[in-house]
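Here's the structure, in structure tokens; my notes come after.
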2 protein chains.
Amino acid sequence: MFSKFLNMDKEKQDRIINAAIKEFAQKGYDNASTNEIVKEAGISKGLLFHYFQNKKQLYLFLYEHMIDILMEKIMENINWEEKDIFVRYRQIALLKIEIYKIYPEMLNFVKSIYKDSSPTVKIDINSRGKELFESSFNKLFSDIDLSKFKKGIDSKKAINIINWTVEGFAYQMQEKALSLSLEQIASDETMAEMEEYLEILRDSLYE
Amino acid sequence: MFSKFLNMDKEKQDRIINAAIKEFAQKGYDNASTNEIVKEAGISKGLLFHYFQNKKQLYLFLYEHMIDILMEKIMENINWEEKDIFVRYRQIALLKIEIYKIYPEMLNFVKSIYKDSSPTVKIDINSRGKELFESSFNKLFSDIDLSKFKKGIDSKKAINIINWTVEGFAYQMQEKALSLSLEQIASDETMAEMEEYLEILRDSLYE
DNA sequence: ACTGCCATTGACCTCTATGGTCAATATTGT
DNA sequence: ACAATATTGACCATAGAGGTCAATGGCAGT
């Protein structure tokens, strides 16, 4: 179906994907403009509709393709044997950086899918492998050893705190990314700072 | 200038304000539609342009008006004598609930102002009382007693963790708000849960 | 009951931008 | 050299944008 697109020059392919997921993530399906996508990708209008039947098919392709890649990256980067939450979150942080390097807007796009309220696209989304993906995604945060927390601490709340901290840090990094280069963002330095946050939380929340 | 609007029926006035700040916050100045605003507010197109010269004036009015109200609420709800960060954040949480009750999208709108990249509106924003507001806003988080943290904990990082926790909790509440009623959101129960989070952090981060 | 006045409506205007097409052209492999 | 494919961008019908305005509704004072 989309083999023609997937066999094209990889760099151009990624330019199109990045332009499209950015536009869809920012504006939602209905308000996303194919004109903006082709402008940002640096291709002609005709080419986009040469590879994709129409806007909807483009969106559905991106949906499947991004979730495929995300799940693949999760499987590659997460060690499921390791049940310690801080180790797990360290892996997740590395995972996010890994993803950011290829498709900076991918996680924003995936998040936006479920918010998107356009009926045009909603039905076709629900009928697919959504549950499979969601269960894998939830497993990231649920399959965790809770016995190490201090007594008296509600472990669900502790996990939320850790989660919000990692997300807050990642968000702050993404905001900085507008002014910094990719290398600076995905550097060891960034990872080291992240680990400092996790260390504070480990020292504070663990027995 | 806008006295005609400010003297009208308060309930209708708030319906218009809420519809407008929601649309602007979600789509940004350029992509926000006055048609959507009047539809959501339940008024005619003509009426909106009877009160506001044009889209830009509407936006600038909302900008000034929302910041005015926000600063007023800050002054009302924050006790500047109190330098303990957990007490301060408790006040901020109450403040947010207070604001949410009147204009649910107000904080999203204010945040969006600075992200908005439309040149049409950017110049007029910068020239106004932005600095005054920003300094008050920053004071919320800076004017804090740092001596109570455990030794060895970077207090800036600790503050970030607390901040991200409060924001994460608030965001989660706002997501739930789509399915729950206002009363349930702004309840004592919610506040109690928030305090539990702060208590975990206080026990963990303070000496 | 009549009048003057302002709030309010919605059909209407022009103009831009939308998703999508397609004949023409550039580029490629053999 | 030639066939096949990749790519372009002017073009189309249509929808939606911001904004206008003559017509209406309802109310206050006489």
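Scope of the values below: all heavy atoms of this structure, side chains included, with no hydrogens, waters or symmetry mates. Numbers restart at 1 for each chain; the letters A, B, ... are given by sequence-line order, proteins then strands.
Between the side chains of B/N160 and A/Y197, at least one donor N or O sits under 3.5 Å from an acceptor N or O.
With salt bridges taken as basic N to acidic carboxylate O contacts below 4.0 Å, none links B/K12 and B/D9. Under the 4.0 Å criterion applied to side-chain N and carboxylate O atoms, A/K122 and A/D116 are not assigned as salt-bridge partners.
For the pair A/I43 CD1 and D/dT8 P, the computed distance is 7 Å after rounding to whole Å. If you take NZ of B/K39 and C1' of D/dA15, they are 13 Å apart, rounded to a whole angstrom. Taking atom CD1 of residue B/I37 and atom C1' of nucleotide D/dA17, one finds them 12 Å apart after rounding to whole Å. B/L48 has its CG atom 13 Å from the P atom of D/dA17, to the nearest Å. Note: CG (B/L47) to C1' (D/dA23) measures 15 Å, nearest angstrom.
The side chain of B/F49 lies closest to D/dT20 when the candidates are D/dT20, D/dT7, D/dG16.
As judged by a 4.0 angstrom heavy-atom cut-off over every strand, B/F5 is placed among residues making no nucleic acid contact. Nucleic acid contact class of B/K56 (heavy atoms, under 4.0 Å, all strands): none. B/F52 comes within 4.0 angstrom of nothing in the nucleic acid, heavy atoms only. Looking at heavy-atom distances under 4.0 Å, B/K45 makes contact with a base.
Heavy-atom neighbours of B/K111 NZ from other residues, nucleotides or ligands within 6.0 Å: at or below the threshold of 12.
In this structure, B/N35 reaches the D/dA17 phosphate: one of its side-chain N or O atoms is under 4.0 Å from OP1 or OP2.
Once you apply a 4.0 Å limit to the heavy atoms of chain A, the touched nucleotides of DNA chain C run 5' to 3' over C/dT18 to C/dC22.
Between A/Q53 and B/S44, it is B/S44 whose nearest contact on DNA chain C lies nearer the 5' terminus.
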Using distance only, find each side-chain donor-acceptor pair of residues 65-82 of chain A under 3.5 Å and give its atom names and separation, not counting sequence neighbours.
from  : atom 1 : to    : atom 2 : distance (Å)
A/N77 : ND2    : A/K73 : O      : 2.8
A/N79 : OD1    : A/E81 : N      : 3.0

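Ring orientation note: the planes of B/F2 and B/F52 are tilted relative to one another, at an angle of 30° to 60°.
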Inset, instruction - Carefully, step by step, assess A/F5 and A/F61 under the rule ring pair (Phe, Tyr, Trp, His ring centres under 6.0 Å). - result: CA-CA 10 Å; A/F5 175 74; A/F61 163 77; 5.4 Å; yes

